[in-house]
Amino acid sequence: MRATCFKRIYENYQALQDTWRECLEQGGLSVEIKERVLGCQKQMLTFDYFFGILLGDRLFAHTDNLSRTLQGKGMSAAISMRLSKQTIATLKRIRDEQSFDAFFDSVLQKKKRFPEVGQPFLKRQRQVPAKLADGHAPAEYPLTPRDHYGQIYFEALDLLISHIEERLNQPSFKIYECLESLLLT
């Protein structure tokens, strides 16, 4: 998905809810379609979904720019590396508590436009399955909903950064990095 898709869902949030209601009121839907509409309607009313849409928009805006630029004609590997490193640096700059707090506060502010969307809440703590527990450290659970969504925010950023870095660490890119450093000296 692209950032614009997330942005369009947010911009049309109320229109989508109205569409789900109209579909259900019209009737004549097959059971399967009715279940799908009800599922979409219910999911969109959760804070998790709302948070995810806004998080996707924020994070994918950076990676979309990188992707679009890398697909341009005449893009060299050296420039690709430089742009990728700049994107990583940008993502790392927004990977701190202050950036998360500002983002989470903006999500709560935007949520006010849609009172039917649920409140953020902390899910029930579950035990780690025995086959996954290593026995060394007890599982850590967030203490507040803000902490829970902070974990999601930081994990998403870590995944994006690690995937871009993994792509940069391919042997073919290492060759171009060496060549570029030789040309600059």
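Annotation for A3 and D64: closest pair N-OD2, 2.6 Å, computed over non-hydrogen atoms.
Each salt bridge (charged side-chain N to carboxylate O under 4.0 Å, His left out) pair with one or both residues in residues 70-81, not counting sequence neighbours, would appear here, but there are none. Within the structure, the side chain to side chain donor-acceptor pair (under 3.5 Å) test picks out the following pairs touching residues 152-164 (sequence neighbours left out): R95-D158. Within the structure, every pair that satisfies the salt bridge (charged side-chain N to carboxylate O under 4.0 Å, His left out) test and touches residues 22-45, not counting sequence neighbours, is listed here: E32-R36.
Cluster annotation: V37 is not connected to L45 through the hydrophobic network of ILVMFWY side chains, with a link wherever side-chain heavy atoms come within less than 4.5 Å. Neither F47 nor L122 shares a network with the other; the hydrophobic side chains, linked directly or stepwise wherever heavy atoms of I, L, V, M, F, W or Y lie under 4.5 Å apart, form separate groups for each. Cluster annotation: L91 is not connected to L159 through the hydrophobic network of ILVMFWY side chains, with a link wherever side-chain heavy atoms come within less than 4.5 Å.
By the 4.5 Å heavy-atom criterion applied to side chains, P120 and F51 are not counted as neighbours. A heavy-atom distance below 4.5 Å is found between the side chains of E97 and F154. Put simply, the side chain of Y149 reaches to within 4.5 Å of the side chain of D48, judged on heavy atoms. Looking only at side-chain heavy atoms (C-beta outward), T87 and N65 stay at 4.5 Å or farther from each other. By the 4.5 Å heavy-atom criterion applied to side chains, R58 and I94 are counted as neighbours.
Taking a 6.0 Å sphere around CD of E116, one finds it holds more than 12 heavy atoms contributed by other residues, nucleotides or ligands.
With sequence neighbours left out, Y49 forms a side-chain hydrogen bond (donor to acceptor under 3.5 Å, both in side chains) with no residue at all. Residues satisfying the side-chain contact (heavy atoms from CB on, under 4.5 Å) criterion with L83, sequence neighbours excluded, are L66, T69, M75, I79, Q86. Listed by chain and residue number, D96 satisfy the side-chain hydrogen bond (donor to acceptor under 3.5 Å, both in side chains) test with S99 (two or more places apart in sequence, or in another chain). Partners of K92 by side-chain contact (heavy atoms from CB on, under 4.5 Å), not counting sequence neighbours, listed by chain and number: I88, I161, E165. Residues satisfying the side-chain hydrogen bond (donor to acceptor under 3.5 Å, both in side chains) criterion with T144, sequence neighbours excluded, are D147. The side-chain hydrogen bond (donor to acceptor under 3.5 Å, both in side chains) search around S67 returns Q71, not counting sequence neighbours.
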Show me the donor-acceptor pairs, under 3.5 Å and distance only, between side chains in residues 5-17 and residues at least two apart or in other chains.
| unit_1 | atom_1 | unit_2 | atom_2 | d |
| --- | --- | --- | --- | --- |
| Y10 | OH | R113 | NH1 | 3.3 |
| N12 | ND2 | R8 | O | 2.9 |
| Y13 | OH | M44 | O | 2.4 |
| Q14 | NE2 | D18 | OD1 | 3.2 |

Return all side-chain donor-acceptor pairs below 3.5 angstrom for residues 102-111, not counting sequence neighbours, or 'none' if the list is empty.
| unit_1 | atom_1 | unit_2 | atom_2 | d |
| --- | --- | --- | --- | --- |
| D105 | OD1 | R146 | NH2 | 2.7 |
| S106 | OG | F103 | O | 2.7 |
| K111 | NZ | V117 | O | 3.0 |

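The structure places CD of Q43 at 6.0 Å from OG1 of T46, a figure rounded to the nearest 0.5 Å. The CG atom of L55 sits 8.5 Å away from the CD1 atom of I152 when rounded to the nearest 0.5 Å.
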Intermediate values then yes/no, side chain to side chain contact (heavy atoms under 4.5 Å, CB included), C23 and I33: CA-CA 10 Å; C23 284; I33 298 297; over 6 Å; no
